[in-house]
Amino acid sequence: CIYSHSIAPSIDGVCRRFTGLLHEFDRQGHETLLFTLEEFPLDLPKSIETVTIDHMILPSYPNKKVARPTVRSFVKIFNRLRSYRPEVIHFVSDGFSQMFILCGFIFGIPTVASFHTDLVDLLTNNGAYEFQKLLIMSKEFTDSLFLDSCATTSQSFQQKLAKQGVHCEHIIKTSVDIDMFSPTKKNSALRSEMTFGDPAGFLCVYVGRISNEKRLDIIRAAVQKLTGDKATYIAIVGDGPSAARWAKLHGKDNRIYCKPCFLSHAELAEIYASSDLHVSASEFETLGNTVLEALACGIPVVVPHTQGFRDTVRHEQDGFLFAPGDSGSASSFIQRLKDDPRLGQTMGANGRQAMKVRTVSAVVADLLQWYARGQQRGRNRGWLRPLVGTLFFCCMLPLLLTLFEIYDLLVNVLLKPFIQYRERQAGSKSN
């Protein structure tokens, strides 16, 4: 049984990671039950059973679905797990964690969780108060105490979580389909579209959520500092709360290509392979799936020297790691690749070679071993921990549900009219 808050048509690295795993589970004959926030999930094996649970939209993140703990969701989770009885429950840590842990205790099912998002950094970048960050850290710490095993996606994020009291015993390997993401997917017509018909143009591509914390302004500033006869273009691919802003800049004059939408893996592969390099300025990535996909397509990457990226990029071998938040540093590395096409080709080939060991079958085998360790650990814990955990979460869940009902009331009564007013104002200005 798997729960992921991100499944297509959602657009992010978590979505792509779990989509690949679910297809490989199906190919190997494993039966999987998927809990998702999507009413109509896309790009899943036909045989997989899905259960949709409740979500909400945060005012500051209007295009992102997040977990909304409700009595209805708990009843859905409880009833389906009672009848399905999986061998293990693997969920992404978020607002539904306590529900899955409690059901695991009640039905005697081992629970393992993976931490994919640096929520503390995300809150910091969105101007959250210290007490909000403290609540998140306390919640993640409490979850980890009652789980049979915790995992994350990179050594650097594992170390950061450990400082918060969350000890992850396992680092989940991340696969990339090197047949799907390949240099052979280069599409000359698509490249011409993204460079607005400029055959000599140098093309940088960003793929991912289009939001403030991704710091696309730094990439734009870095590109504007470049010199040389060849024009440099930025293709911004994905969707998110800031997508409308960047879509307005779409055009040859700004040298920005941005048509926000959901794209399949096959479409993304063509975009990577048709570009000269992949760029990002995000500083809160816990791994950076787009880096792996770009390297598999044989193009170098230029990203900040931060957690996640420093675990996947080999500086000066398959990409460059620039000083975080420094557009000048980023620009200097992009300039080197722009001035020396052979350097880009060499780095791209190095990256492609490194990705050949990241097969999805190897990742699933590693994941199944982690599940087995979680199951064994659950069996060895005895009766006291499930009893304490059941009593604790039976007390905490009603409080959690009440708090979310209050939040929902405040959003609908106080914030929703304001948001609608702002949308009307924006609409009248655009007309």
### Message
Distance alone, cut at 3.5 Å: any donor-acceptor contact between the side chains of S332 and S329?
### Response
no

### Message
Quiz question: by atom type and distance under 3.5 Å, do the side chains of Q375 and D148 form a donor-acceptor pair?
### Response
no

#### Entry: Over 12 non-hydrogen atoms of neighbours within 6.0 angstrom of NZ in K76
yes

#### Entry: Polar contact flag, side-chain donor to acceptor under 3.5 angstrom, T306-E283
no

### Message
Check this for me: E31, atom CD, are more than 12 non-hydrogen atoms of other residues, nucleotides or ligands nearer than 6.0 Å?
### Response
no

### Message
Under the side-chain contact (heavy atoms from CB on, under 4.5 Å) test against H23, which residue among T19, D26, L21 passes?
### Response
T19

### Message
Ring centroids only, cut at 6.0 angstrom: are Y371 and H170 within range, meaning strictly under it?
### Response
no

### Query
Near Q28 CD, under 6.0 Å, is it more than 12 heavy atoms from other residues, nucleotides or ligands?
yes

### Task
May I ask you to check whether E285 and S282 show a side-chain donor-acceptor distance below 3.5 Å?
yes

Let me have the donor-acceptor pairs involving side chains of residues 36-43, under 3.5 Å, with sequence neighbours excluded, atom names and distances please.
{"unit_1": "T36", "atom_1": "OG1", "unit_2": "E38", "atom_2": "N", "d": "3.0"}
{"unit_1": "E38", "atom_1": "OE1", "unit_2": "K65", "atom_2": "NZ", "d": "2.9"}

### Query
Does the T312 side chain pair with the main chain of F309, one donor and one acceptor, at a distance under 3.5 Å?
yes

### Query
Side chains of T32 and H30: donor-acceptor distance under 3.5 Å anywhere?
no

### Message
Is it the case that the side chains of E267 and S264 hold a donor-acceptor pair, with the cut-off being a distance below 3.5 Å and no angle test?
### Response
yes

### Query
Is there a donor in the side chain of K214 and an acceptor in the side chain of S242, or the other way round, less than 3.5 Å apart?
no

### Task
Taking the side chain as every heavy atom from C-beta outward, state whether R17 and L287 have any pair of such atoms under 4.5 Å apart.
yes

### Query
Is it the case that T286 and T153 place a side-chain donor and acceptor less than 3.5 Å from each other?
yes

### Message
I'd like to know whether H315 forms a ring pair (Phe, Tyr, Trp, His ring centres under 6.0 Å) with F333, so could you lay out the CA-CA distance, the side-chain angles of the two residues, the decisive distance to 0.1 Å, and finally the verdict.
### Response
CA-CA 11 Å; H315 185 63; F333 291 126; 5.5 Å; yes

### Message
Below 30° counts as parallel, above 60° as perpendicular, anything between as tilted: where do the rings of F181 and H265 land?
### Response
tilted

### Task
Compute the centroid of each ring, for F96 and then for F91, and state whether the two points are separated by less than 6.0 Å.
no

### Query
Is any NZ, NE, NH1 or NH2 atom of the basic residue among R72 and D54 found under 4.0 Å from an Asp or Glu carboxylate oxygen of the other?
yes

### Task
With F25 as reference, evaluate L367, L34, V360 under the side-chain contact (heavy atoms from CB on, under 4.5 Å) test and give the passing residue.
L367

#### Entry: Option passing side chain to side chain donor-acceptor pair (under 3.5 Å) with T232 (candidates Q224, K225, R255, K338)
K338

### Query
Just by distance, with hydrogens left out, do H278 and T290 show a side-chain donor and acceptor under 3.5 Å apart?
yes

### Query
Can we say D143 and K139 salt-bridge, meaning some charged N sits less than 4.0 Å from an Asp/Glu carboxylate O?
yes

### Query
When you check the side-chain N and O atoms of D339 and Q335, is any donor under 3.5 Å from an acceptor?
yes

### Query
How about F196 and H250: are their ring centroids closer than 6.0 Å?
yes

Using atom types as modelled, flag every donor-acceptor pair under 3.5 Å from a side chain in residues 344-351 to any protein atom, sequence neighbours excluded.
{"unit_1": "T346", "atom_1": "OG1", "unit_2": "R342", "atom_2": "O", "d": "3.0"}
{"unit_1": "N350", "atom_1": "ND2", "unit_2": "Q317", "atom_2": "O", "d": "2.9"}
{"unit_1": "N350", "atom_1": "ND2", "unit_2": "T346", "atom_2": "O", "d": "3.4"}

